[in-house]
Amino acid sequence: MMTLLVVAYLGGMLTIVSPCILPALPFVFARAEKPFVTSTLPMLAGMATTFAAVATLAAVGGGWAVQANDLGRLVALALLAVFGVALISPRVAGILTRPAVAFGNRILHTAGEPGPAPTFGGSLLIGVATGLLWAPCAGPILGLVLTGAALQGANLQTTLLLLAYAAGAATSLALALLVGGRLFAAMKRSLGGGEWVRQGLGVAVIAGVAAIGLGLDTGLFATLSSTSTDRIERALLDNFGPEDPESGQELGMSRVASNAVVQTAGKPFQSDLPVEGTFPSLDGTVKWLNSAPLSTEALRGKVVLVNFWTYSCINCIRALPYVRAWADKYKDQGLVVIGVHTPEFAFERNVQNIRKALTDFQIGYPVAVDSNFKVWRAFRNSYWPALYFIDAKGRIRHHAFGEGNYQESEKAIQALLAEAGERSASNDVVTPDAKGAQAAPDLAHIRSSETYIGYQQASNFASPEGMGGDRARTYTTTTLRLNQWALAGNWTVGAEQATLNQAGGGITYRFSARDLHLILGPGADGQPVRFQVTIDGKAPGENHGADIAADGHGTVTQTRLYQLVRQSRDIGERTFEVRFLDPGVAAFAFTFG
């Protein structure tokens, strides 16, 4: 737990270097040179508390929380806009909006104006506003905390982790204030006055409000952020991950050396893979498919690969060709592959849906249906997909989170088989011929990321009407910027999905990637739903995905991931639109590749 708190704190500190934080920084620097106790400290406290509160709402809130968060952002922007105008020209602001600015000046005591020292309450209010704007800009570490909260419910650990993350962000803010204060003091001494500095800060604040109001903090800056701090945060997670409760060793991303199998004359093969923990229990599963129930005791003496997956997860789908190939290649050499199907969406708990997925993906190895997250929690897992490699003595010796590193993973299998006495294990690696959604992503062209449609995790929603939770509402589409999406027609947006109430409705998304996928399901009555896809207003032609025809037509027959776009050339920004010709369809999430 202590390690996770440290990682959360460091992740919060890293947030300040994200490009999407840039619009909020002027609000921080505008408080430089103010007294610490009455200005800086309450502002930091307000920011940290609000950040943690908003993140908690994101984890456990409902439709009302979505609307409250949107309202909070609007109030924060209005408050900070008044603050910026007061910095630029309090006299003009007083003429235009005398009552509002007078109140604003009383609580904010803007820099450079005569009057009493800044009040505790005014600084706290600025911190609250900053926290409301800061919360949406976070990386994988906060995502891990929120995922845990969503899966396991709100608890003391989640609250402590959120507070640690917020404290890290507040620490970086305090450092920014310290540096900013000294910088502004030096500028005043050298230039003989701070009036232009104050006005410059006012312009910066207004520019920040405009950037956030226009959505740049979740569009352009968020896109830039995805390639900046994410890599650092993931490195923290890999090197300081959760500890195994039995071994006490940290489950970091161990790396398989190129000579993972070493041989000493006269001695058995011994792999240099570290021991990361013991094989947790497989008890608590809802059902076993393709096999009778398996136990850790019965598997002793076998090399075991445990794959946590869920059937609509695009990352899991793209990893399956390798897992299948390993199961086939090494099944006669002592390897047992176990798929642990742990659902993300409610429809993935349906055993019949899982059976159909096993048939569709040609999975013949044992699959444990872990709908209650018992095995997930036993492994202390947090990822889809996640691979755990277990030796013949029942010890975890390697793991891999997410896609990629397949050669490294197969070398781990070969090392553990050789260590178990299998002398016929080959040194070559598989190269599956994956097609459709199972094909590897085009990482060079991806500028769009997974986007949820249900209000619980929705982001970048652009319909002018705003998102209404758990009630029917008619939506319209507007001009979209990159990574924004909108609904058209009469929909009911639930926590996980949006359901179309009347035929003719649609979804539009401005994206940039080779592949676009959408998780869709038929209506409650199970009747198929016809649809048509367009790209930039035209039939997709050669850019159609595996689940539609060249003219864009397709049919939703079961709840799963549908590949709707695969661009063949000139990959760039495109406007995707799908129109449903029948009512009842449920839409869950976009993914890209």
Side-chain angles (χ1 to χ4, degrees), residues 253-263 268-273 276 279 282 288-292 294 296 298-311 313 315-341 357-368 383-441:
M253 282 289 286
S254 62
R255 299 297 177 190
V256 184
S258 58
N259 58 341
V261 181
V262 294
Q263 182 178 11
F269 285 99
Q270 179 61 48
S271 167
D272 61 2
L273 293 170
E276 298 182 345
F279 192 174
L282 297 174
W288 283 82
L289 303 176
N290 295 339
S291 168
L294 299 176
T296 56
L299 291 167
R300 188 64 60 90
K302 298 285 188 179
V303 174
V304 180
L305 170 60
V306 175
N307 174 33
F308 283 91
W309 72 298
T310 187
Y311 80 81
C313 163
N315 308 96
C316 302
I317 291 171
R318 290 195 290 242
L320 281 177
Y322 291 89
V323 178
R324 283 198 311 264
W326 296 333
D328 292 339
K329 180 178 178 180
Y330 299 106
K331 63 182 179 181
D332 296 328
Q333 299 176 33
L335 176 69
V336 176
V337 174
I338 298 175
V340 178
H341 187 277
L358 299 189
T359 300
D360 292 342
F361 292 125
Q362 299 178 327
I363 295 174
Y365 52 78
V367 172
Y383 302 94
W384 291 284
L387 300 174
Y388 293 89
F389 302 79
I390 299 158
D391 66 16
K393 296 181 180 179
R395 302 173 301 179
I396 299 175
R397 300 290 297 280
H398 181 62
H399 67 279
F401 298 147
E403 299 179 61
N405 297 320
Y406 298 120
Q407 181 173 338
E408 179 181 289
S409 294
E410 187 167 359
K411 289 297 183 182
I413 294 172
Q414 294 170 357
L416 295 181
L417 288 173
E419 189 177 276
E422 178 55 54
R423 300 301 179 90
S424 61
S426 61
N427 291 322
D428 61 319
V429 295
V430 300
T431 55
D433 182 20
K435 301 183 185 307
Q438 297 183 61

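Remember, it's a predicted structure, so these values are computed and weren't measured experimentally.
Taken from CD1 in I413 to CH2 in W326, the straight-line distance is 5.0 Å, to the nearest 0.5 Å. Distance CG/L417 to NZ/K302: 10.0 Å, rounded to 0.5 Å. In this structure, the separation between CG on L273 and NZ on K411 is 12.5 Å, given to the nearest 0.5 Å. Atom NE2 of residue H399 and atom CD1 of residue I390 lie 12.5 Å apart, to the nearest 0.5 angstrom. Between D360 atom CG and Q362 atom CD the span is 9.0 Å, to the nearest 0.5 Å. Atom CG of N307 sits about 5.5 Å away from atom OH of Y365, to the nearest 0.5 Å.
Residues K393 and F279 fail the side-chain proximity criterion, which asks for heavy atoms closer than 4.5 Å. For the pair Q438/F361, a side-chain contact is recorded, criterion being any heavy-atom separation below 4.5 Å from C-beta on.
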Exercise for the section: In sequence, state the C-alpha distance, the side-chain angles, and the governing distance for L387 and Y406, and then conclude on side chain to side chain contact (heavy atoms under 4.5 Å, CB included). Expected result: CA-CA 10 Å; L387 300 174; Y406 298 120; 5.7 Å; no

Handout entry: Stepwise side chain to side chain contact (heavy atoms under 4.5 Å, CB included) check, V430 with R324
Key = CA-CA 10 Å; V430 300; R324 283 198 311 264; over 6 Å; no

Practice task
Show the numbers, then the answer: is there a side chain to side chain contact (heavy atoms under 4.5 Å, CB included) between I338 and L282?
Solution key: CA-CA 10 Å; I338 298 175; L282 297 174; 4.1 Å; yes

Practice task
For the pair F401 and W384, evaluate side chain to side chain contact (heavy atoms under 4.5 Å, CB included) and give the outcome as yes or no after the intermediate values.
Solution key: CA-CA 7 Å; F401 298 147; W384 291 284; over 6 Å; no

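In this structure, A439 and R318 approach most closely via the heavy-atom pair O-CD, 3.0 Å. Across all non-hydrogen atoms, the minimal contact from S291 to W288 is O-CB, 3.4 Å. When all heavy atoms of A392 and R300 are compared, the closest pair comes out as O-CD, 3.3 Å. The two residues P366 and N290 make their nearest non-hydrogen contact at CA-CB, 4.1 Å. The two atoms that bring P321 and A434 nearest to each other are CG-CB, 3.8 Å, heavy atoms only.
At distances below 3.5 Å, not a single donor-acceptor pair connects side-chain atoms of Q407 with backbone N or O atoms of V429. With R397 contributing its side chain and D391 its backbone, the two residues share no donor-acceptor pair below 3.5 Å. H341 places a side-chain N or O within 3.5 Å of a backbone atom of Y311 that can act as its donor or acceptor partner. Put simply, the side chain of Q333 never gets that close to the backbone of Q414: no donor and acceptor are under 3.5 Å apart.
Defined by atom type and a distance below 3.5 Å, a donor-acceptor pair is present between the side-chain atoms of Y330 and E410.
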